[in-house]
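Remember, predicted model here, so these are calculated numbers, not experimental data. Reminder, nothing fancy here: chain letters follow the sequence lines and each chain counts from 1.
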Amino acid sequence: MSDLLANLNAEQLAAVTLPDEPALILAGAGSGKTRVLTTRIAWLIQNGRVSPAGILAVTFTNKAAKEMQTRLSSMLPINTRGMWIGTFHGLCNRMLRAHFRDAGLPQTFAILDSQDQLSALKRLLKSLNVDDEKYPAKNLQYFINNAKEQGLRPADVEANDDFNKRFVDLYAAYDLQCQREGVVDFAELLLRCYELLRYNDAIRQHYQHRFRHVLVDEFQDTNVLQYQWLKLLAGYGTQNPAAVFAVGDDDQSIYAFRGANVGNMRDFEHEFRVRRLIKLEQNYRSHGHILDSANHLISHNARRLGKNLRTDAGHGEPVRVFQGGSDGQEAAWIIEEIRDQIAQGASRAEIAILYRSNAQSRVIEHALFSAGIAYRVYGGLRFFERAEIKHALAYMQLLENPRNDAAFGRVVNFPARGIGARSLEVLQDMARQYDCALAEAVAYVPGAAGSKLAAFTRLIEKTREDTRRMTLAETVEYVINHSGLITHYQGEKEGQDRIENLQELVTAAQAFVVEEGYGLEALAAVIPVDRSPAAPALADGDQAQQVLDPEALPVVMTPLVAFLTHASLEAGDNQAQAGQDAVQMMTVHAAKGLEFDVVFITGMEEGLFPHENSMMDPDGVEEERRLMYVAITRARKRLYMSFAQSRMLHGQTRYHVRSRFFEELPEASLKWLTPPAQGYGGVRRQERDSAWGRDWFRKPEDVPYTGTRPTGGMDNGNGYADAKREAGTGFRVGQSVFHNKFGEGVITALEGEGTDARANINFKRNGAKWLALSVAKLDAID
DNA sequence: TGTCCTACCCTTTTT
DNA sequence: GGGTAGGACA
């Protein structure tokens, strides 16, 4: 047909060229998922099956959306900018901006990120005099987001006790506050858009008619609301539904904790009566031993749609396993191996160190730093999340919407203007009394406080006036200079970085205008912005008609609103010094979607990986196993796994047994670098170099070794029968004990000393428990 | 108003 | 152990 389809394997070809009907693509790790998704879109367009405007493709991250657009425009000579390719939140935002009246929102609504949401909740709790010990803002945030992700409004939440009823009331109060201030949180973007489609027949039908093909990436990560939204958009249950092309991998579902519902895959299969379930099982990434390990491990999960990866790459090297006496030794060993790899010509950027939780990075970072090996840690603060950037953005929010109390509160006294807590209290009282925004309540505050506040509102008004005819970048520059932010940071010891960031914001604004096509012509065409408070939902149909054409969108949003939206929806890169040849460090979660020649999976211990919080229930363990599966499948050529007998955690030394997942890996694919290797044909490290003699590692005769590898179960999992004895307790990890009440069990972890000493014991009949050794009556049975 | 100190938290995270 | 949020104090 065309060279679009060249070089696709049979499975990929089948997926790409499916007829217009619901399809589920089970795309294994490294099987060319993105390629299939983008080629499918290109193929549909090229064959005239649908116009670019008839396609909606949705992803979870901006990165994935961008990747899709880039690849697509390299395949077809089309402008992908106007296409509906984006994240769930991005696309919902787009619809809400187009139909702001029908959605009951002000045109310039601001988007709260999680931080903003939390401070809005704290503000709410304070204003209502709620006991924040009993109702912590964090819990309320979780409660609200959880409800919204299930599609539930306060009235829909079932509260069966007073405690929960209070939460529901606070949820309702929070929604009112948001509505009054013209702000929308992340979950609200989705829920509001869902309701818009659900309750507005004209708009729903318009989009159902328009989108003939709906493509979904990472389907296993969708939550309940996202799936409902997709069903509505795709016209599920109507005469003429869109063809939904869902791509996902149930084995890589690792986001249950934030609402992802793997069950959506099965539901989709049944509800849409999917006749085409295509499995992409050919892996183009990893060598055989690595894939065998992944397949073997994941086969221990019970509920799977079922899939087995294969490769033509050959067995390659076995997976190397190392046991360290401590986390420090583990780190030192990693340094040695990395040095070897670099000496053999490996690029640092092709080496990744993965860990289950962020806290683990510290020890390894320290070792890398001391060794002078360049490294890069993923995660942490992103550009638009920095305090100084949020301050500057708050000023800009106020230019668009003075009723945004969150923005007002953030900068009214930053930099300091002599408006103290007392003055703000008065202001808040006035706002409550006159039921108005903080900015409007300024007029009612008497005395010195009143005039200081008035000076602030005048500053905002003057800024709004002065920047009216300015470009976006000029506006940003004006704001950071005239707000006093720059001056403030000049007087601070560590202010230089912050000033540079603020200047970077000007650059970012410039780049944004170019990238998004907000040229001068577009600026001239901007229609007057409606700054009136939110209109009631379901306004007359005129507006809906007027903006049904999404191509009209760029002129609906001013560059400033667009930029602020961009800042909320796309918090920016969190990878410092990108581009440098540095070893990559990240959590396993953060590694999803990436691949490296050499991968270290560290901290493979019971309690860490699987994490202790997930060990209790079977679903939790299955998710941890999928997480391990993701970790393993990141490696192309060489995979290392390591664990340590002792580790500093939360300021205490803890002793862990090695992860149960070792018992689920194929022996033939493992090469033990430390004593348990005996009997598996592994070459002991000692024979490769003289590392045994180094001070960071105990001499072989110091390492007690039983000579047998434990067979299944968690008991004695470290392979060292009398490995580590906690001073004074008389107990050790791996020891079998008897308790009068709980019966027989095995110690899986020890921590603390003296009277604080406690043990985690996995009881045969009663499950895992933490017991204080000074209290519990335990008898060793050996 | 800014700084210092203490209490408290601690899995994973995108939007 | 280490980061941070919020309160006490100069």
Side-chain angles (χ1 to χ4, degrees), chain A residues 58-65 86-93 111-119 122 126 132-133 136-138 142 145 148-149 184-191 193 217-218 221-223 225-226 253-260 327 354-363 365-366 378-382 384-385 387 413-423 488 491-493 565-574 586-593 603 607-615 620 623-624 626-628 630-631 647-654:
Chain A
V58 62
T59 64
F60 276 87
T61 65
N62 292 296
K63 197 174 152 203
T87 63
F88 279 99
H89 294 84
L91 297 177
C92 285
N93 171 64
I111 298 168
L112 302 182
D113 66 21
S114 312
Q115 273 178 49
D116 301 332
Q117 186 189 33
L118 188 63
S119 26
K122 282 182 180 166
K126 212 165 194 178
D132 56 356
E133 294 268 287
K138 269 240 161 71
Y142 176 82
N145 290 339
K148 288 188 180 183
E149 279 161 16
V184 163
D185 62 49
F186 284 138
E188 183 73 21
L189 278 175
L190 297 180
L191 182 52
C193 187
D217 189 19
E218 306 276 17
D221 287 338
T222 52
N223 63 32
L225 178 58
Q226 283 159 339
S253 167
I254 55 173
Y255 285 111
F257 70 92
R258 64 174 201 213
D327 46 358
L354 309 185
Y355 34 82
R356 176 67 179 84
S357 63
N358 285 301
Q360 289 167 250
S361 74
R362 227 193 73 255
V363 175
E365 271 187 76
H366 181 78
Y378 279 61
L381 260 199
R382 292 139 90 207
F384 287 110
E385 289 169 353
N413 197 38
F414 194 98
R417 300 187 170 87
I419 301 169
R422 183 78 200 103
S423 312
H488 171 84
E492 245 187 19
K493 275 181 298 207
T565 301
H566 164 81
S568 305
L569 289 182
E570 213 166 331
D573 245 330
N574 55 8
M586 67 196 81
T587 63
V588 179
H589 281 94
K592 191 175 164 213
L608 258 189
F609 205 170
H611 195 274
E612 55 189 346
N613 296 2
S614 310
M615 280 161 60
E623 176 130 331
E624 296 285 317
R626 290 191 291 268
L627 202 47
M628 183 63 77
V630 167
R647 178 178 299 279
M648 194 64 130
L649 218 59
H650 309 326
Q652 277 185 317
T653 305
R654 309 226 326 200

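Remark: A:Asn93 pairs with A:Arg97, A:Phe109, A:Ile111, A:Leu189, A:Met557, A:Thr565, A:Leu569 by the side chain to side chain contact (heavy atoms under 4.5 Å, CB included) rule, at least two apart or across chains. Every residue meeting the salt bridge (Lys or Arg N to Asp or Glu O under 4.0 Å) condition with A:Glu570, not counting sequence neighbours, appears here in chain and number order: A:Lys66. Under the rule for a side-chain hydrogen bond (donor to acceptor under 3.5 Å, both in side chains), A:Asn358 has no partner lying at least two apart in sequence or in another chain. With sequence neighbours excluded, the residues forming a salt bridge (Lys or Arg N to Asp or Glu O under 4.0 Å) with A:Glu218 are A:Lys33, A:Lys592, listed by chain and number. In this structure A:Glu623 satisfies the salt bridge (Lys or Arg N to Asp or Glu O under 4.0 Å) test together with A:Arg626, sequence neighbours excluded. A:Ser253 meets the side-chain hydrogen bond (donor to acceptor under 3.5 Å, both in side chains) test with no other residue; sequence neighbours excluded. Partners of A:Glu385 by salt bridge (Lys or Arg N to Asp or Glu O under 4.0 Å), not counting sequence neighbours, listed by chain and number: A:Arg382.
A:Leu627 places its CG atom 10 Å from the P atom of B:dT13, with the value rounded to the nearest Å. Going from atom CD of A:Gln117 over to atom P of B:dT14 covers 16 Å, rounded to whole Å. Remark: P of B:dT11 and OH of A:Tyr142 are 14 Å apart, rounded to the nearest angstrom. Across the protein-nucleic acid pair, A:Asp221 atom CG and B:dT12 atom P stand 17 Å apart, rounded to whole Å. The distance from atom CG of A:Asp217 to atom C1' of B:dT14 is 13 Å, rounded to the nearest whole Å. Nucleotide B:dT14 holds its P atom 19 Å from the CG atom of A:Leu91, rounded to whole Å. Distance A:Leu225 CG to B:dT14 C1': 15 Å, rounded to the nearest Å. Between the C1' atom of B:dT12 and the OH atom of A:Tyr378 lies a distance of 17 Å, rounded to the nearest Å.
Distance from the side chain of A:Thr61 is smallest for B:dT15 among the nucleotides B:dT15, B:dT13, B:dT12. Nearest nucleotide to the A:Arg258 side chain, out of B:dT11, B:dT14, B:dT15: B:dT14.
Dense packing is recorded around CZ of A:Phe257, with more than 12 heavy atoms of other residues, nucleotides or ligands lying under 6.0 Å away.
Regarding contacts with the backbone of B:dT13, every side-chain N or O of A:Arg382 stays at 4.0 angstrom or more from both OP1 and OP2. Here A:Thr587 reaches the OP1 or OP2 of B:dT13: one of its side-chain N or O atoms lies under 4.0 Å away. For the pair A:Asn358 and B:dC10, the criterion of a side-chain N or O lying under 4.0 Å from OP1 or OP2 is not met.
Side-chain contact of A:Gln360 with A:Ser357: a donor-acceptor pair under 3.5 Å is present, judged by distance alone.
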key: Nucleic acid footprint by protein, nucleotides 1-10 of chain C - heavy-atom cut-off 4.0 Å, B for base, S for sugar-phosphate alone   = BS---S----

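Taking the charged nitrogens against the carboxylate oxygens, A:Lys148 and A:Asp185 do have a contact shorter than 4.0 Å, which makes a salt bridge.
Looking at heavy-atom distances under 4.0 Å, A:Tyr255 makes contact with sugar-phosphate atoms alone, never a base. At a threshold of 4.0 angstrom between heavy atoms, the contacts of A:Asp113 with the nucleic acid are absent. Residue contacts shown for A:Asn62 are limited to sugar-phosphate atoms, with no base heavy atom under 4.0 Å away.
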Taking only nitrogen or oxygen atoms into account, show me every contact under 3.5 Å that the protein makes with nucleotides 1-8 of chain B, one pair per line with its distance.
residue, atom, partner, partner atom, Å
B:dT1, OP1, A:Gly418, N, 3.0

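One C1' atom belongs to C:dG3, the other to B:dT14, and the distance between them is 23 Å to the nearest Å. For C:dT4 and B:dT13, the P atoms lie 16 Å apart once the distance is rounded to whole Å.
Applying the 5.5 angstrom centroid cut-off and the 30 degree plane-angle cut-off, the aromatic ring of A:Phe257 is stacked upon the base of B:dT12. Both geometric conditions, a ring-centre gap below 5.5 Å and a plane tilt below 30°, are not fulfilled together for A:His589 over the base of B:dT12.
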task = Evaluate side chain to side chain contact (heavy atoms under 4.5 Å, CB included) for A:Phe88 paired with A:Leu190, printing each intermediate quantity in order.
result = CA-CA 7 Å; A:Phe88 279 99; A:Leu190 297 180; 3.8 Å; yes

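DNA chain B is contacted by both A:Ser114 and A:Glu623; A:Glu623 maps to the nucleotide lying nearer its 5′ end (nearest heavy atom per residue).
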